[in-house]
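Below is one structure, written out as structure tokens, with a few remarks after it.
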Amino acid sequence: MEGDNEDEDVQLEARLEEQDTFEPPESFVEQANVSDPGIYDEFEENWPDCWERAANLLDWDEQYDQVLDESDAPFYEWFVDGKLNASYNCIDRHIEEGRGDEVAIEWVGEPVDETWTYTYQDLYEEVNELAAAFREMGVGEDDVVTMYLPMIPELPIAMLACARIGAPHSVVFAGFSADALATRMKSADSEYLVTCDGYYRRGDPLDHLDKANEGLADVDHDTTTVVVDRLGEEGFGHDLNDDQREYADLVADQEGAEVEPVVRDAEDMLFLMYTSGTTGQPKGVKHTTGGYLSYAAWTTQAVLDVEPEDTYWCSADIGWITGHSYIVYGPLALGTTSLMYEGTPDYPEKDRMWEIVEDYDVNQLYTAPTAIRAFMKWGKEYPADHDLSSLRLLGTVGEPINPRAWKWYYKHIGGEDCPIVDTWWQTETGGMLITTLPGIGTMKPGSAGPPLPGIDARIVDTNGERIQAGQAGYLTVDKPWPGMLRTLYKNDDRFIDEYWREYSDPDSDKWVYFPEDGAKIDDDDYITVLGRVDDVINVSGHRLGTMEIESAIVGVSGVAEAAVVGGDHEMKGEAVYAYVITEDGYEGDEDLREQIVAGVEDAIGPIARPEQVVFTDELPKTRSGKIMRRLLEDIANEEELGDTSTLRNPGVVSEIQQKVKGD
Ligand code: WT7
């Protein structure tokens with residue numbers, strides 16, 4: 001088997017290796033939602049009014065007066081004075097159009113054969129009942145409701161119930177730790193939590209409420225918690241306390257309730273999403289109702305080519321921005337069928353995803369390079385066993401995709417008949433900014449593509465001057481767009497510092513957004529994103545702050561100092577490498593290593609678990625005492641090191657190198 005696989009791969013590579021560009025298949029172009037290349041000029045010439053095209057995808061209670069207000073830049077306002085409700089746009093209006101019996105969410109559980117179908121009508125009923133229950137619990141407009149839920153239908157239902165009553169949600173990824181939950185609830189002054197008893201991971205029930213309770217114990221203010229019973233009989237027999245309600249009871253008590261969607265201002269907060277930054281404190285990214293929702297809907301239509309009659313599958317977790325924009329808001333605003341999968345790609349078998357694609361006739365699949373690398377490793381026979389001919393488009397997001405993985409995806413999943421969109425964006429951007437349009441653009445494996453119409457992305461040098469094609473520089477975005485974050489929650493100063501300080505010129509009112517990514521550009525204006533240039537690493541498409549991990553490590557007794565960097569990893573893209581100095585009297589032994597790993601899991605979650613812990617007596621530092629992270633990265637990657645003579649302690653380098661190699 002293995003041998004066959006390799007032979008095939010070699011042949012595939014021989015044939016595809018030479019090919020650097022791919023044209024969208026004719027059959028796709030003919031039906032594409034966007035197929036006129038004139039769209040780029042059209043947007044540029046009509047900017048910012050071009051964005052009405054996105055706003056027009058929504059139903060507004062009151063039409064906006066102005067597309068963009070730049071008077072208080074970079075605190076931009078979009079669709080000024082427009083009024084709308086996101087839950088109405090994602091549910092009610094489709095029912096009013098007579099599409100209530102069409103499927104909104106196809107939920108596929110981890111246990112095989114445990115599935116659930118929600119039509120738009122079903123979704124309407126449960127969202128209304130939960131919204132009524134939230135109200136009765138005291139949730140008011142603008143109260144932040146935290147959700148700490150895995151991939152179960154109650155998660156999008158709770159998000160939409162919040163949107164209905166104008167309560168912003170803050171979803172915390174279920175894989176995050178109790179500490180991470182507490183930090184986020186405290187930061188958002190969130191008095192409400194929706195969580196569950198537990199969920200399945202590779203067949204085993206996992207206790208989630210225990211973790212939630214541990215987090216709640218750390219929150220000083222009063223809280224009310226709603227608990228979904230996911231596991232039923234297989235659960236852990238938790239007793240709920242006085243501040244906790246059973247989700248099923250709440251909804252049953254409100255049977256048939258209807259809640260008028262609250263009229264929200266376009267600029268009112270739809271949700272908060274915490275993400276990692278350079279400092280130890282996560283950033284609360286604020287997204288709005290009008291701009292975000294129009295942008296999510298527009299990009300879902302233009303880039304993912306979603307139409308109401310499609311069955312579309314984004315395999316991300318709703319706990320990240322990808323799931324917010326492209327499992328919940330974009331697809332449901334367009335009235336399509338969004339598939340939601342609870343489990344992992346390799347359970348019970350490595351063909352689980354292909355079985356789902358076949359069973360549900362999935363039309364678009366949007367996944368991450370880390371998953372594609374895993375599929376490649378498992379072998380082409382898993383997809384080959386299934387009929388994947390329903391697929392019309394493939395997408396990737398989260399990290400750079402190497403051309404080899406791109407070509408494998410193209411051939412073995414797409415059957416050389418589906419365009420691939422490699423979409424660059426961030427939690428902060430709300431939706432995609434850089435990618436080819438699938439019905440128009442030539443695809444170049446490894447390169448995301450040109451900026452989307454209306455997006456002014458550039459590659460510049462440290463002075464902000466555009467660089468020549470072929471050279472590496474920094475990615476900037478010189479004009480605002482509707483889906484952009486508006487600020488960091490209750491922290492306007494940090495918002496300016498993090499995103500606008502670097503390349504803007506406030507004196508001449510010129511504001512340039514800096515996403516902190518490095519990139520290259522080619523002669524056709526195609527952008528290849530190279531990765532973060534700040535102290536953020538990308539593990540399996542998940543964004544982690546090195547400072548957060550370092551502070552977790554120094555919290556372990558016996559640790560004096562720690563430096564964390566990302567080292568290349570075949571499957572994960574990057575992996576966490578921790579260099580640790582112990583306190584006097586402590587050994588850098590297996591025991592301490594285990595405590596460090598546990599410390600990181602407790603503070604953040606298993607995704608941040610260090611791949612390697614390297615104990616060392618010293619860290620390489622500059623004369624001014626700054627840790628040389630670049631050097632530590634090169635050591636992790638076993639790369640040629642540059643000049644180390646400017647270090648205060650050059651001798652430490654070879655000592656660390658030997659330890660990494662010896663591991
Ligand atoms: C960072 C944002 C966007 C949702 C998932 C991640 C990296 C994202 C790509 C891509 C190269 C990419 C960037 C970015 N990234 N997509 N197609 N090619 N790099 O959201 O957690 O906010 O992380 O992910 O470095 O800054 P996020």
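Keep in mind that what you see is a predicted model, and the values were worked out from it rather than measured. As the structure lists them, so they are numbered: ligands from 1, and atoms in each ligand from 1.
- Defined by atom type and a distance below 3.5 Å, a donor-acceptor pair is present between the side-chain atoms of Thr487 and Asp492.
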**Request:** Take Ile413 and Trp408 through the test side chain to side chain contact (heavy atoms under 4.5 Å, CB included) and record every step on the way to the result.
**Result:** CA-CA 8 Å; Ile413 309 303; Trp408 192 93; 3.9 Å; yes

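- With salt bridges taken as basic N to acidic carboxylate O contacts below 4.0 Å, one links Arg392 and Glu307.
- The distance between the ring centers of Phe22 and Trp406 falls below 6.0 angstrom.
- Glu570 and Lys377 are not joined by a salt bridge, as no carboxylate oxygen comes within less than 4.0 angstrom of a charged side-chain nitrogen.
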Note down each nitrogen or oxygen pair, ligand 1 side and protein side, whose separation is under 3.5 Å; give only atom names and the distance to 0.1 Å.
residue	atom	partner	partner atom	Å
ligand 1	15 (N)	Gly398	O	3.3
ligand 1	16 (N)	Gly398	N	3.1
ligand 1	17 (N)	Asp422	OD1	2.8
ligand 1	17 (N)	Thr423	O	2.8
ligand 1	18 (N)	Glu399	O	3.4
ligand 1	22 (O)	Thr427	N	2.8
ligand 1	22 (O)	Thr427	OG1	2.6
ligand 1	22 (O)	Arg543	NH1	2.7
ligand 1	24 (O)	Gly398	O	3.3
ligand 1	25 (O)	Asp517	OD1	2.8
ligand 1	25 (O)	Asp517	OD2	3.1
ligand 1	26 (O)	Gln426	NE2	3.0
ligand 1	26 (O)	Asp517	OD1	3.4
ligand 1	26 (O)	Asp517	OD2	2.7
ligand 1	26 (O)	Arg532	NH1	2.9

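- Paired with Arg543 under the rule salt bridge (Lys or Arg N to Asp or Glu O under 4.0 Å), one option of Glu428, Glu548, Glu516 passes, and it is Glu428.
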